[in-house]
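Worksheet: one structure, shown below.
Heavy atoms only: backbone and side chains are in, while hydrogens, waters and symmetry mates are out. Proteins get letters first, then strands, A, B, ... in listed order; numbering begins at 1 in each.
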There are 2 protein chains.
Amino acid sequence: MTSKTATLQDVARVASVSTATVSRTLSHPDVVSESTRIRVAEAVRATGYRINRAARNLRTKRAHSVLVLLPDLANPFFSTILEGISRNLSQRGYSMLIASTKQVHDSGERLIDYLDDVRADGMIILDGGLDADVLKSLEDASQADRVLFACEWVDGTSFPSVRCENRKGTQAAVTYLHDLGHRKIAHVTGPEGNVLMHSRKDAFIAEMTRLELALKPEWIIAGDFSLAAGCLAAQTWIAMEDRPTAVFCASDQLAMGFIAELSRHGFSVPDDVSVMGFDDIDLAAQFIPALTSIRQDRLMIGETAAEMLMARIMTPDGDHLESAAVLPVSLVIRESTSSPS
Amino acid sequence: MTSKTATLQDVARVASVSTATVSRTLSHPDVVSESTRIRVAEAVRATGYRINRAARNLRTKRAHSVLVLLPDLANPFFSTILEGISRNLSQRGYSMLIASTKQVHDSGERLIDYLDDVRADGMIILDGGLDADVLKSLEDASQADRVLFACEWVDGTSFPSVRCENRKGTQAAVTYLHDLGHRKIAHVTGPEGNVLMHSRKDAFIAEMTRLELALKPEWIIAGDFSLAAGCLAAQTWIAMEDRPTAVFCASDQLAMGFIAELSRHGFSVPDDVSVMGFDDIDLAAQFIPALTSIRQDRLMIGETAAEMLMARIMTPDGDHLESAAVLPVSLVIRESTSSPS
DNA sequence: TCTCTTCTTGCAATCGATTACATAATGTCT
DNA sequence: AGACATTATGTAATCGATTGCAAGAAGAGA
């Protein structure tokens with residue numbers, strides 16, 4: 001155990017072959033003969049050789065890592081997605097770098113600076129709120145195929161994306177509430193300008209129309225996915241003279257805030273009003289009452305995103321690739337919804 | 001805007017100086033003259049030069065990045081800590097890599113493989129459950145000063161660490177419950193073998209003894225920090241014939257699970273029993289009832305961890321460095337606790 | 001004016017792995 | 001046996017930034 005790290009040279013010397021052969025043995029085992037493969041493997045073990053990634057990255061012009069950009073590291077919604085991404089990447093020997101879009105802004109760096117030859121080969125963005133012109137610079141630099149959006153996306157850009165069936169999930173939610181007997185259904189939306197917010201709101205309106213349900217403008221309550229916005233929405237609901245009997249929230253956090261605030265004012269869910277969320281985050285099942293929600297498989301979102309991005313990185317000229325994956329959602333019925341009394 | 005990335009050579013040519021001068025201008029601006037500094041800056045702008053990190057990393061034998069190892073990416077407790085780490089690192093031009101200890105195990109890689117010259121210069125471990133012999137290999141390779149534990153740690157190892165005042169927090173919790181008038185206080189613990197679990201349990205027992213409160217063995221309920229364990233603990237509590245009037249849980253998640261399960265069985269908090277958590281995660285304030293908890297400043301934990309690790313990386317021979325930082329906690333009183341009825 | 005610092009700058013080796021090209025060794029077919 | 005295809009290996013250039021050493025320029029002091 002010397003304190004110095006062994007290099008390819010050392011391995012080559014021990015195995016009595018050239019560095020070229022060692023390198024080939026390691027990265028293309030099929031092109032060398034059985035005997036040298038064994039000898040080199042032995043030498044690697046003996047020297048305790050570990051590859052110097054900087055050298056390889058320099059030579060191959062690959063960073064062997066992927067950057068994930070999130071709006072907010074502290075948001076638990078993303079963690080499972082990260083788990084999925086990381087799982088996929090690490091089995092390919094790639095690493096996952098993390099940065100938050102907030103930091104990108106604060107540090108004044110341009111997004112493209114992160115697509116350094118060595119920092120990252122590609123990037124997965126989980127924030128649809130990015131400036132269009134920031135993204136423009138990526139498209140201009142024809143780096144578009146090294147960038148992929150997951151969950152959210154930005155309209156008018158050409159980046160591939162992974163998302164869930166927002167429309168279908170919303171339809172399922174409204175239909176379910178309708179089947180329970182609800183006729184007056186409200187919707188608490190995500191933040192203004194967010195693509196998911198629009199996607200779900202539009203689908204909500206469409207489905208209400210399809211079911212020929214009345215839809216007062218005030219039943220669309222503006223929110224922003226957060227617990228706090230849910231609380232505010234609850235106050236709005238309480239203040240209504242003609243209250244909806246069911247509320248479909250655009251996120252679980254909204255639904256939880258909504259229910260929490262209601263409960264503080266003496267209302268009970270689902271007795272006084274049925275409440276649904278979207279996402280089915282871990283906590284949804286443990287909440288009181290357990291939340292009826294639309295489930296997104298976040299692990300799969302992450303794995304699919306990594307899969308798609310890597311496919312593009314590996315074959316930069318592949319036009320045959322799907323440019324969008326839409327993953328299924330499912331209705332999870334729990335205790336926060338019931339027939340109207 | 002050429003599609004090729006500009007190199008130092010290009011900048012040097014445009015600025016009519018040598019590559020050495022450009023390099024110096026960029027990394028040691030003080031050793032070059034004012035005039036060349038300006039000329040080089042101009043050339044950098046003109047060429048759109050961005051440094052090739054692989055080349056630099058190869059030459060300097062630094063990865064310019066730090067690896068963070070967590071037990072579970074999906075655990076929201078860690079996200080704010082990551083935010084703190086990332087914030088500190090990025091302002092130094094370092095990147096943050098993330099991996100989960102689970103993956104390290106699955107992939108069969110040894111921990112030391114991650115401390116590659118180029119993968120990471122150091123690592124912050126948020127998992128005290130790592131095998132002692134796995135860590136041993138790091139110490140043997142005298143890489144101990146490039147590793148730092150945060151939140152958790154492993155007894156018997158010499159790695160520096162950042163942690164919160166677990167003992168003091170526990171004391172504060174018990175004292176507070178005592179002050180409210182509670183005399184029968186139970187504790188739901190973390191997972192067996194976890195250092196935090198022991199630290200908090202021991203402090204709990206010590207404080208109960210100091211206050212001369214009776215402590216039945218059955219009032220120490222084994223858990224594991226999770227919501228599910230909290231539910232089980234609640235069932236245990238319900239089954240007791242002599243029920244404690246207050247329960248101090250070793251984590252907020254435990255407390256939430258405990259309260260949720262209680263509520264499913266018709267018990268009310270804090271009327272039937274006061275419940276406290278530990279950590280003060282984001283959700284604690286929004287829970288119903290809002291959770292009384294011991295607050296850890298997770299952002300600061302992250303920032304301190306990064307700070308300490310970087311100090312060690314920068315001056316590998318600094319014996320003067322603190323080997324442990326203990327950050328303050330504070331009691332946050334909300335609605336889940338009250339005087340016993 | 002000449003010598004000696006002090007400040008800038010350039011030259012060129014270097015970090016460690018990859019890979020195009022050349023060469024040697026082996027096997028195949030007529 | 002000779003010509004050719006195939007496989008295995010070595011040689012050496014290369015990726016792009018950093019830095020020890022040396023040399024030139026500028027200024028200080030006698």
Test salt bridge (charged side-chain N to carboxylate O under 4.0 Å, His left out) applied to B:Arg45 and B:Glu42, step by step: CA-CA 5 Å; B:Arg45 196 163 337 106; B:Glu42 178 53 42; 2.8 Å; yes
What verdict does the side-chain hydrogen bond (donor to acceptor under 3.5 Å, both in side chains) test give for B:Ser161 and B:Arg163, after you've listed the backbone C-alpha separation in whole Å, the side-chain angles of each residue and the deciding distance to 0.1 Å? CA-CA 6 Å; B:Ser161 69; B:Arg163 54 184 86 170; 3.0 Å; yes
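Distance from the side chain of B:Val17 is smallest for C:dG10 among the nucleotides D:dA17, C:dG10, C:dT9. Distance from the side chain of B:Ala20 is smallest for C:dC11 among the nucleotides C:dC15, D:dT18, C:dC11. Checking C:dT9, D:dT18, D:dG16 against the side-chain heavy atoms of B:Arg56 singles out D:dT18 as nearest.
For D:dT18, neither phosphate oxygen OP1 nor OP2 lies less than 4.0 angstrom from any side-chain nitrogen or oxygen of B:Lys61. For B:Ser23, no side-chain nitrogen or oxygen approaches OP1 or OP2 of D:dT19 to under 4.0 Å. Contact annotation: B:Tyr49 side-chain N/O to D:dG16 OP1/OP2 distance is not under 4.0 Å. Look at B:Ser18 and you'll find a side-chain N or O under 4.0 angstrom from OP1 or OP2 of C:dG10. Neither OP1 nor OP2 of D:dA17 sits under 4.0 Å from any side-chain N or O of B:Thr60. Not one side-chain nitrogen or oxygen of B:Thr21 sits closer than 4.0 Å to the OP1 or OP2 atom of C:dT8.
In this structure, B:His28 places its NE2 atom 8 Å from P of D:dT18, rounding to the nearest Å. The distance between atom CG of B:Asn52 and atom P of C:dC15, rounded to the nearest whole Å, is 18 Å. The CG atom of B:Asn57 sits 12 Å away from the C1' atom of D:dT18 (whole-angstrom rounding). Rounded to an integer number of Å, the gap from CG of B:Leu8 to P of C:dG10 is 13 Å. Between the CG atom of A:Leu58 and the C1' atom of D:dA17 there is a distance of 9 Å, given to the nearest Å. The nearest whole Å value for the distance from the CD atom in A:Gln9 to the P atom in C:dT18 is 13 Å. Atom CD1 in A:Ile51 sits roughly 17 Å away from atom P in C:dC15 (whole-Å rounding). Between the CG atom of B:Asp30 and the C1' atom of C:dT8 there is a distance of 13 Å, rounded to whole Å.
Residues B:Arg92 and B:Asn88 have side chains that bring a donor and an acceptor to within less than 3.5 angstrom of each other. Using modelled atom types, one finds no donor on one side chain facing an acceptor on the other under 3.5 Å when comparing B:Thr47 with B:Asp10.
For a distance-only test at 3.5 Å, the side chain of B:Arg24 qualifies as a donor-acceptor partner of the base of D:dG20. Applying the 3.5 Å distance criterion, the base of D:dT14 shares a donor-acceptor pair with the side chain of A:Arg59.
A:Arg298 forms a cation-pi arrangement with A:Phe77, by the criterion of a distance under 6.0 Å to the ring centre and an angle within 45° of the ring axis.
With DNA chain D read from its 5' end, the first of the two nearest nucleotides for B:Val22 and A:Glu34 is the one closest to A:Glu34.
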